[in-house]
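For reference, the structure is listed below as structure tokens.
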Amino acid sequence: MGTKNKTAITPTREEDYAQWYQEVIKASDMAENSPVRGCMVMKPWGYAIWENIMNQMDAEFKKTGVKNAYFPLFIPLSYLEKEAEHVEGFAKECAVVTHHKLEKGKDGKLVPAGELAEPLIVRPTSETIIGESMSRWTSSYRDLPILLNQWANVVRWEMRTRMFLRTSEFLWQEGHTAHATKQEAVQRTMQMLDLYAEFVEKCLAMPVIKGRKTISERFPGADDTTCIESMMQDRRALQAGTSHFLGQNFAKGSDIRFQNEDGQEQYAWTTSWGTSTRMIGGMIMVHSDDDGLVVPPRIAPAHVVILPIIKKGDDNTKVLESAKALKAALQAKKFYGRAVEVEIDDRDIGGARGWDWVKKGIPLRVELGPRDIANNTVFMARRDMPASQKQSMDQEVFINTISEILDSIQQNLFDRALAFQKANTFHIDTRQEFYDLYKNTKGAHNGAFVFSHWCGSRACEEQIKKDLSVTIRCIPFDSPKEHGQCICCEKASEQRVLFAKAY
RNA sequence: CGGGAUGUGGCUCAGUCUGGUAGAGCACAGCGUUCGGGACGCUGGGGUCGGAGGUUCAAAUCCUCUCAUCCCGACCA
């Protein structure tokens, strides 16, 4: 079949962005849908990315004094009720456990039996159950701060699901801290947001915009929700991480009290912050192309695949030996704190072999054949460059500069994403222009990031959401104070906010 | 929960209107020719047609019920 000039993924981003996304995941062998509605199976290539995210983020958390712990999957229903807004936010999507065993029914099929005295919910988040522990651990200001994190799964029953972006069960990390003063808690909220921003930009190579959520977009029960927003290739925004200042709301609900230095009893100030496997969805949508996944080297499951050129009938032992030697030499090198990870693929499946790895997004493909061995070279292809730009390279040089090459790919991916974001970000000052931009957007062109003035009213926010499905993603921290008119009602405004269609 | 559809090998689907022995492409396995941009030929394995009931000499096809999934409308990391 003559398949030249075709893209590895059909449809392309332009043709059908949503379908393209699903195909990239399938073609890269990262994950698949599970027989359980709304859930997914993460396969090794996808899970390895999560493992790399966990390892690197975990180390960063610990540098700030955070310790890991683990709290139960099941939360007594009554706990959820301790914080009014919290119930409001999560009640609609809670999985509820009401029975503790199965019995054979009349038709021989298993039916739930043994009804629980109090139903348990499967955690949608853990503020309430961690709060309960914190209340028992806290009696003096000397017990504070408490700085905890847990890596866990959570369940939020979703109507419409998409792999990595929204599934009923997902993996995440949730940090929970309690402090003696408001200032300290606010500081921690910002510290973790900064940590997220740095991680996402440095490791996932995704440029982010830091800011504060509007009241309507706040985490249920929070006094302040901050976030990092990133632009996907269809110009929609994805929240890649979020950090909440919870004030004393949860401390009051869970009774987290302590005596201060003056002997007075006070409620603690708490924070929570989280990132999830959703980041992987973001990474896919920011970097991948019509030939499949593109993974930034710093979180790639493997950095290099060696493709030995094997001919049947020839003596291939030399080629295979050289491949193994090259692998060993590369593995002895370090990249961003871990050994360079190398795969050898000697499957006899012709040209499809190379494409498999293109679709998996491995940063470097290296062909190694008799000609290379004779010349002491390798034939190298970078995933961030067109596949036609393969180049021959001295083997020693390749081995000794592997770390630089991977860094250059990492940097290139970030630069590219940032350039795209900037090219699709506008300042708009009239309602007409604003509506025109978003009105007829679809597919891979879901508008843009738009910085416009907003009066601060809920009504205007709602109106725009209703008319255009466009929301205020955040009030950016670095947005300068300036006088202007609300894009919706034309009342006076002091600051521009970030509008976009959101995931 | 309202509206629309679809259930046939691992995947994508044809066949259903007009009942007559279960099909194709891809994938998979074997052999051979290939191999530094997605190869080809031959051979082969694999399906109680979502489930239950009914009509009929005969049901993937017609009828009834049921289950499941997907798409579209109100929320969310």
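Chain identifiers are assigned alphabetically (A, B, ...) following the order of the sequence lines, protein sequences preceding nucleic acid strands; residue numbering begins at 1 within each chain.
- Comparing atom distances between the A:Ala352 side chain and each of B:C76, B:G37, B:A39 picks out B:A39 as nearest.
- Candidate nucleotides B:G38, B:G36, B:A77 were compared by shortest atom distance to the side chain of A:Phe170, and B:A77 ranks first.
- For B:G38, the base has no donor-acceptor partner in the side chain of A:Asp356 [N/O atoms by modelled type, under 3.5 angstrom].
- Using a 4.0 Å heavy-atom distance criterion, A:Gln239 is classed as a sugar-phosphate-only contact.
- Atom P of nucleotide B:A68 and atom CG of A:Asn33 are separated by 18 Å, given to the nearest angstrom.
- Between the side chains of A:Arg188 and A:Thr64, a donor-acceptor pair is found at a separation under 3.5 Å.
- Residue A:Ser388 is classed as a base contact, given a heavy-atom separation below 4.0 Å to a base.
- Contact annotation for A:Thr167: base contact, defined as any heavy-atom pair under 4.0 Å involving a base atom.
- A:Ser133 meets the side chain to side chain contact (heavy atoms under 4.5 Å, CB included) test with A:Phe71, A:Arg136, A:Trp137; sequence neighbours excluded.
- Look at CG on A:Asp29: it is 14 Å from C1' on B:A27, rounded to the nearest Å.
- Where stacking is scored as ring centres under 5.5 Å apart with planes under 30°, A:Trp355 does not register as stacked on the base of B:G37.
- Using a 4.0 Å heavy-atom cutoff across all strands shown, A:Ala387 reaches at least one base atom of the nucleic acid.
- Under the 3.5 Å distance criterion, with hydrogens and angles disregarded, a donor-acceptor pair is assigned to the side chains of A:Thr125 and A:Glu127.
- A:Ser276 comes within 4.0 angstrom of a base, heavy atoms only.
- If you find the closest nucleotide of RNA chain B to A:Ala240 and to A:Lys26, the one lying nearer the 5' end belongs to A:Lys26.
- Note: A:His86 and A:Phe250 have perpendicular aromatic rings, judged against thresholds of 30 and 60 degrees for the angle between ring planes.
- Residue contacts shown for A:Ile349 are absent, as no nucleic acid heavy atom lies under 4.0 Å away.
- Nucleic acid contact class of A:Gly369 (heavy atoms, under 4.0 Å, all strands): base.
- With distances taken from any side-chain atom of A:Asp372 to the nucleotides B:G36, B:C75, B:G37, the minimum falls on B:G36.
- Taking the side chain of A:Arg156 as heavy atoms from C-beta on, and the options B:C75, B:C76, B:G37, the nearest nucleotide is B:C76.
- Contact annotation for A:Pro308: no contact, since no heavy-atom pair falls under 4.0 Å across all strands.
- Among the protein residues, A:Ile310 comes within range of the nucleic acid bases, having at least one heavy atom under 4.0 Å from a base atom.
- Within 3.5 Å, a donor on the side chain of A:Arg166 pairs with an acceptor on the base of B:C76, or the reverse.
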